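Worth knowing before you read on, the calculation uses all heavy atoms, side chains too, and leaves out hydrogens, waters and symmetry mates. In this text, all values refer to a predicted model and were calculated from it rather than measured experimentally.
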Amino acid sequence: MKTETTIQGLSASLSPARAARKMIGFVPTMGNLHEGHLNLVREAKKLCDVVVVSIFVNPIQFGPDEDFDSYPRTLEQDQRLLAEVGCDIVFAPTVEQMYGTQPRLTNISVSGITEDLCGLQRPGHFDGVAVVVTKLFNMVQPTYAFFGEKDYQQLAVIRQFVRDLNIPLEVIGVPIARAEDGLALSSRNGYLSPEHRALAPTIYQSLKTAAADLQAGTALAQVLANLAQTLTDAGFVVDYVEARSPQLHKIEQFDQDVVLFVAAKLGETRLIDNLQVKYNA
Ligand code: AMP
């Protein structure tokens with residue numbers, strides 16, 4: 001496994017694969033890798049000849065009061081884990097390498113699906129994601145790019161601009177990896193105190209209860225209200241509890257497949273999760 005820190009180095013490492021028309025798989029991450037990330041790499045290995053994982057904490061997707069400075073950076077540990085799952089190339093550029101020294105005047109804004117859910121509390125977040133992912137796509141030029149359903153809205157945004165801008169690759173979504181107690185794995189789980197970590201699986205438990213209630217016929221609005229109340233009673237500060245179609249359209253009732261979304265804070269740590277609920281007419 002090679003680690004490259006420059007765009008030139010990455011190109012040089014990829015050129016034999018490109019010349020041989022090999023399938024290149026790409027997994028963008030911010031590092032501090034866990035099983036969720038490693039699952040994306042495993043999926044990439046199944047479909048592709050060469051797998052590139054980027055590790056880059058992208059400053060332009062963090063708000064001014066967010067955790068850019070304190071975000072965990074664990075490159076050596078990440079390299080060990082990636083070598084174990086058969087990653088071929090790690091791309092770990094500096095901020096200067098990614099953004100250069102000239103001002104950036106171009107933005108990528110996906111309207112319609114970025115204004116609510118996580119976009120509401122994190123203005124500009126998805127623009128920052130779209131810009132960095134597009135830059136990385138242009139650097140790696142993968143055949144397939146892999147993203148987790150944990151960040152469901154992000155996955156929808158990426159699918160949308162890839163389609164809108166004819167970016168020549170296929171986006172693959174990978175299901176959420178969870179801890180044994182159900183908590184969706186996240187680099188930010190490391191911020192939780194032991195007390196909050198013990199409480200955190202309540203999100204998934206209450207999502208499962210909500211799904212069961214929906215399937216038993218409870219009205220969608222009631223289910224969402226119960227879900228928010230359960231989390232508040234348990235000690236979470238709820239940011240949002242929402243239901244959307246798989247394409248993120250607003251829906252009023254459970255008359256089609258639905259995705260339930262939660263974002264809630266425990267102390268300073270913001271956790272997100274979602275659960276897809278099938279409609280069986
Ligand atoms: P991040 O490092 O948080 O930017 O995540 C990099 C990629 O890993 C994104 O596509 C995430 O959706 C994905 N990811 C993070 N956590 C999980 C998880 N628990 N299950 C599946 N995918 C995940």
Heavy-atom closest pair, residues [X] and [Y]:
X: Ser186; Y: Lys150; answer: CB-NZ, 3.6 Å
X: Ala177; Y: Asn39; answer: CB-ND2, 3.7 Å
X: Asp257; Y: Pro246; answer: O-CD, 3.4 Å
X: Cys48; Y: Gly25; answer: SG-CA, 3.4 Å

Side chains of [X] and [Y] in contact at under 4.5 Å (non-hydrogen atoms):
X: Thr29; Y: Val53; value: yes
X: Asn189; Y: Leu183; value: yes
X: Glu170; Y: Val162; value: no
X: Lys265; Y: Thr269; value: no
X: Gln97; Y: Thr94; value: yes
X: Ile89; Y: Met1; value: no
X: Leu82; Y: Leu38; value: yes
X: Leu120; Y: Tyr240; value: no

| field | Test side chain to side chain contact (heavy atoms under 4.5 Å, CB included) applied to Glu195 and Leu266, step by step | value | CA-CA 10 Å; Glu195 198 179 62; Leu266 279 175; over 6 Å; no

| Check against salt bridge (charged side-chain N to carboxylate O under 4.0 Å, His left out), Arg188 and Asp67 | CA-CA 10 Å; Arg188 291 192 170 100; Asp67 55 345; 2.9 Å; yes

| field | Chi angles and distances behind the salt bridge (charged side-chain N to carboxylate O under 4.0 Å, His left out) call for Glu35, Arg42 | value | CA-CA 10 Å; Glu35 277 298 310; Arg42 291 185 189 106; 3.0 Å; yes

Is there a donor-acceptor contact under 3.5 Å from the side chain of [X] to the main chain of [Y]?
X: Ser187; Y: Asn32; answer: yes
X: Thr218; Y: Asp213; answer: yes
X: Ser206; Y: Ile203; answer: yes
X: Lys22; Y: Val50; answer: no
X: Thr202; Y: Leu199; answer: yes
X: Asp78; Y: Leu33; answer: yes
X: Gln77; Y: Thr74; answer: no

Are [X] and [Y] in one and the same hydrophobic cluster, where Ile, Leu, Val, Met, Phe, Trp and Tyr link if side-chain heavy atoms are under 4.5 Å apart?
X: Ile251; Y: Leu227; value: yes
X: Leu260; Y: Leu117; value: no
X: Val237; Y: Tyr191; value: no
X: Phe56; Y: Val27; value: no
X: Leu75; Y: Val95; value: no

| With a 6.0 Å cut-off on ring centres, are Tyr144 and Phe26 close enough? | no

| field | Phe68 six-ring face occupied by Arg73 cation (under 6.0 Å, within 45°) | value | yes

| field | Geometric cation-pi criterion Arg178 and Tyr204, 6.0 Å radius, 45° cone | value | yes

| query | Testing Leu248, Val157, Val129 for side-chain contact (heavy atoms from CB on, under 4.5 Å) with Thr114, which one passes? | reply |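 One option only clears the test, and that one is Val157.
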
| field | Given Ile167, Ile158, Val171, Ile108, the one that forms side-chain contact (heavy atoms from CB on, under 4.5 Å) with Val133 | value |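 Filter result, single survivor: Ile158.
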
| query | Can you check salt bridge (charged side-chain N to carboxylate O under 4.0 Å, His left out) on Arg197 and Asp181, steps first, answer last? | reply | CA-CA 10 Å; Arg197 175 63 189 80; Asp181 59 13; 2.9 Å; yes

| message | A quick test of your reading: do over 12 heavy atoms of other residues, nucleotides or ligands sit less than 6.0 Å from CD of Glu268? | response | no

| field | Cys118/Phe261 under side chain to side chain contact (heavy atoms under 4.5 Å, CB included): CA gap, chis, key distance, verdict | value | CA-CA 10 Å; Cys118 284; Phe261 291 94; over 6 Å; no

| said: Apply salt bridge (charged side-chain N to carboxylate O under 4.0 Å, His left out) to residues Arg270 and Glu66 and explain how you reach the verdict. | reply: CA-CA 10 Å; Arg270 187 171 179 278; Glu66 293 184 359; over 6 Å; no

| Should the pair Phe161 and Phe137 be assigned to parallel (<30°), tilted (30 to 60°) or perpendicular (>60°) ring geometry? | tilted

| Do the ring planes of Phe254 and Tyr279 sit parallel (below 30°), tilted (30 to 60°) or perpendicular (above 60°)? |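 The rings of Phe254 and Tyr279 stand perpendicular, inter-plane angle above 60°.
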
| Does the side chain of Glu149 come under 3.5 Å of the side chain of Gln276 through a donor N or O and an acceptor N or O? | yes

| task | Verify whether one side chain among Asn58 and Tyr71 offers a donor that lies under 3.5 Å from an acceptor in the other. | result |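 Per modelled atom types, Asn58 and Tyr71 side chains form no pair under 3.5 Å.
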
| field | Verdict with reasoning, Asn138 to Thr134, per side chain to side chain contact (heavy atoms under 4.5 Å, CB included) | value | CA-CA 6 Å; Asn138 286 333; Thr134 302; 4.0 Å; yes

| request: Show the numbers, then the answer: is there a side chain to side chain contact (heavy atoms under 4.5 Å, CB included) between Ile24 and Val52? | output: CA-CA 7 Å; Ile24 299 172; Val52 181; 4.1 Å; yes

